[in-house]
Amino acid sequence: MLEIKGLNAWYGESHILHGVDFEVREGEVVTLLGRNGAGKTTTMKAIMGLVPRREGSIRFRGAETIKMMPNQIAKAGIAICPEERGIFGSLSVTENLMLPPVVAPGGLDVPTIYQLFPNLKERARTAHGTRLSGGEQQMLAIARILRTGAKMLLLDEPTEGLAPVIVQQIGRTIREIKNRGFTVLLVEQNFRFAQTVADRHYVMEHGKVIDMIPNHKLESSMDKLHEYLGV
Amino acid sequence: MFMIFGIPGPLLFGQLLLGLINGAFYAMLSLGLAVIFGMLNIINFAHGALFMMGAFVSWMLLTYVGIGYFPSLILAPLIVGIFGLLLEKTIISRLYKLDHLYGLLLTFGLALVIEGLFRNAYGSSGMPYRIPSVLQGATNLGFMYMPNYRGWVVLVAVVVCLATWAIIEKTSLGATLRAATENAPLVQAFGVDVPRLITLTYAGGVALAAFAGVLAAPIYSVNPNMGTNFINTVFAVVVIGGMGSIMGSIVTGFALGVIEGLTKVFYPQASATVVFLVMVIVLLTRPRGLFGKAA
């Protein structure tokens, strides 16, 4: 579904990605693991067209997207939940939820979203999205891209800084949307969490993908993984 | 003749009405400036010149084509709005990656060029624009005579301001605009064509200025400097109301018009400076303006 070959990305003078290669197949949940600064978030942004300069090849459903603008990439059916969550303070919770335009049929409707995230239904009338708790903001950031009909979701550290009970809820949500046929690329620091949701793991270091570990081999690769992640 | 605070009633109410009229123009102009500043991060110094263009285009439509006031209220903002759209597409959009100062310099230069062209063609003495016949005359309100056209201007300005506020605060288009003001790249990553949204926002703000220009044509003579006369006060209004605040611009615009009008009654010497006095006081006590949000 998503094939990335030789992806390079720059922020100004700094060359962040040095030839990233990996692929995500339809219906998979795939994680990018790696230390801070390995280039995981930049990879997500590069896929979405949100870096100032990028080269290489990003094919989505067979079509090359490297020359596209972010809005065209979104229209093609990729949606991002950014690391900083990107909830808008000048918009109400409902406005935040309804903000991303529908790009294709097959997105979840609002009742289904409220079923997945009962908290959001309770908080729907909140006048400023940023008044929500961190966990609620994260749920809103995921919920709003489920509406759009985009089937390829980029989730950048959705569990960062959240209480264990909310991390569990996000884990359930990711498994649920996988069952509904969504494809997920997940950036995660916490490989214990990643293990509960993912099919495969790519390990990044210094702006490159250096290894791929299928989820069922994760336990047997623990030594290797500890070395990669420095934990 | 009845007196209020030792001032003849008709004089007081007359100045109050004049203040409301000026306030109506302050509100409409600062509203457009606020919307443009929010989206483009550019302080549109050409705003006064585009206001003047609105008045001139309606005068030209009447003089050369015979199109009257009411169609002009739609046509002139449309024509000037398209002019603004072309300006943004061809020139202003090149500056978004540079320091804000360049946008300020460019739009200031554009204002000088536009006003210069009109001064060259029409001189600076000004041309009259007749009040449409249905709005001529005055109405006795009991405590004063109100010229119908002035009442009409205040009414239309209030409606236009509230409609603009409602579009921005209550519609999904407005929600997209507010979101893009906060974080344009993310909104674009959701599939919104943000560059087009920016162009249309500029055109919309410009059309609002031109609309105010058409309303102003029968009150002030149509002349190339009419924008400059207003725009200094309007910038003070924007600063007092708080950069980028919609309701702030509207309320502050009307309020300062009224304050200016009342100052003319009670202490005429200060009427030209009172707005700037208020600006100084507001900036000293609330640097973000009365309605500005903390960063």
Side-chain angles (χ1 to χ4, degrees), chain A residues 11-12 41 44-53 65 68-104 107 127-130 140-141 143-150 152-154 156, chain B residues 31 34-41 89 93-94 96-99 164-201 241-249 288-289 291-295:
Chain A
Y11 276 107
T41 293
M44 298 291 234
K45 289 193 166 167
I47 294 169
M48 209 67 237
L50 289 172
V51 292
R53 182 177 161 211
T65 66
M68 287 189 188
M69 302 283 285
N71 49 312
Q72 297 168 314
I73 295 168
K75 287 266 158 70
I78 306 181
I80 190 165
C81 171
E83 188 180 16
E84 69 286 354
R85 292 170 194 148
I87 298 302
F88 297 94
S90 57
L91 273 64
S92 71
V93 168
T94 307
E95 284 175 331
N96 267 288
L97 182 62
M98 304 310 283
L99 176 71
V102 170
V103 296
H128 300 280
T130 41
L140 180 53
R144 66 180 172 192
I145 59 174
L146 297 177
R147 253 190 66 251
T148 64
M152 171 87 233
L153 307 183
L154 312 178
D156 197 346
Chain B
L31 192 59
V35 174
I36 289 172
F37 178 75
M39 268 306 269
L40 285 76
N41 254 316
K89 271 253 175 242
S93 60
R94 293 167 194 272
Y96 296 143
K97 293 200 168 109
L98 302 175
D99 193 276
T164 309
W165 173 82
I167 288 170
I168 290 169
E169 297 294 336
K170 300 290 169 197
T171 68
S172 64
L173 172 69
T176 307
L177 267 174
R178 276 177 283 140
T181 302
E182 257 187 76
N183 186 347
L186 183 58
V187 171
Q188 189 164 5
F190 285 149
V192 176
D193 189 344
V194 170
R196 197 180 64 181
L197 193 64
I198 289 176
T199 308
L200 291 177
T201 302
M243 281 289 202
S245 161
I246 303 302
M247 208 24 129
S249 304
R288 294 196 166 276
F291 296 81
K293 296 174 198 101

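In what follows, chains carry the letters A, B, and so on, assigned in the order in which the sequence lines appear, proteins first and then strands, with residues in each chain numbered from 1. What you see is a predicted model; the values in this text were computed from it and never measured. As a basis for the values below, the full set of heavy atoms in this structure was taken, side chains included, without hydrogen atoms, waters or symmetry mates.
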_Taking side chain as everything from C-beta outward and backbone as N, CA, C, O, which of these in A:P101 sits under 4.5 Å from a heavy atom of chain B? Side chain, backbone, both or neither._
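Both backbone and side chain.
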*Checking heavy atoms, do the side chain of A:L50, its backbone, both or neither come under 4.5 Å from chain B?*
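Contact with chain B involves the side chain of A:L50 alone.
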Interatomic distance, [X] atom [atom1] to [Y] atom [atom2] [nearest 0.5 angstrom]:
| X | Y | atom1 | atom2 | value |
| --- | --- | --- | --- | --- |
| A:M44 | A:I80 | CE | CD1 | 6.0 Å |
| B:T201 | B:I36 | OG1 | CD1 | 8.5 Å |
| A:M48 | A:M69 | CE | CE | 12.0 Å |

_Which heavy atom of B:A180 sits nearest to which heavy atom of B:V187, and what is that distance?_
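So the minimum-distance heavy-atom pair works out to N-CG2, 3.7 Å.
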Quick check: do [X] and [Y] have side-chain heavy atoms less than 4.5 Å from each other?
| X | Y | value |
| --- | --- | --- |
| B:T164 | B:I168 | yes |
| B:F190 | A:I145 | yes |
| A:I87 | A:V93 | no |
| A:I47 | A:I73 | no |

_Heavy-atom pairs under 4.5 Å with chain B: which of A:G89, A:G129, A:A150, A:A79 has the most?_
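With the most close heavy-atom pairs to chain B, the winner is A:G89.
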Present all donor-acceptor pairs from chain B to chain A with distances below 3.5 Å, rounded to 0.1 Å.
| from | atom 1 | to | atom 2 | distance (Å) |
| --- | --- | --- | --- | --- |
| B:R178 | NH1 | A:S90 | O | 2.7 |
| B:R178 | NH1 | A:E95 | OE1 | 3.1 |
| B:R178 | NH2 | A:E95 | OE2 | 2.8 |
| B:E182 | OE1 | A:G89 | N | 3.0 |
| B:E182 | OE2 | A:G89 | N | 3.1 |
| B:E182 | OE2 | A:S90 | N | 2.7 |
| B:E182 | OE2 | A:S90 | OG | 2.6 |
| B:Q188 | O | A:N71 | N | 3.2 |
| B:Q188 | NE2 | A:N71 | OD1 | 2.9 |
| B:G191 | O | A:K75 | NZ | 3.1 |

*Would you mind telling me which of B:P195, B:A175, B:P185 has the largest number of heavy-atom pairs within less than 4.5 Å of chain A?*
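Heavy-atom pairs under 4.5 Å are most numerous for B:A175.
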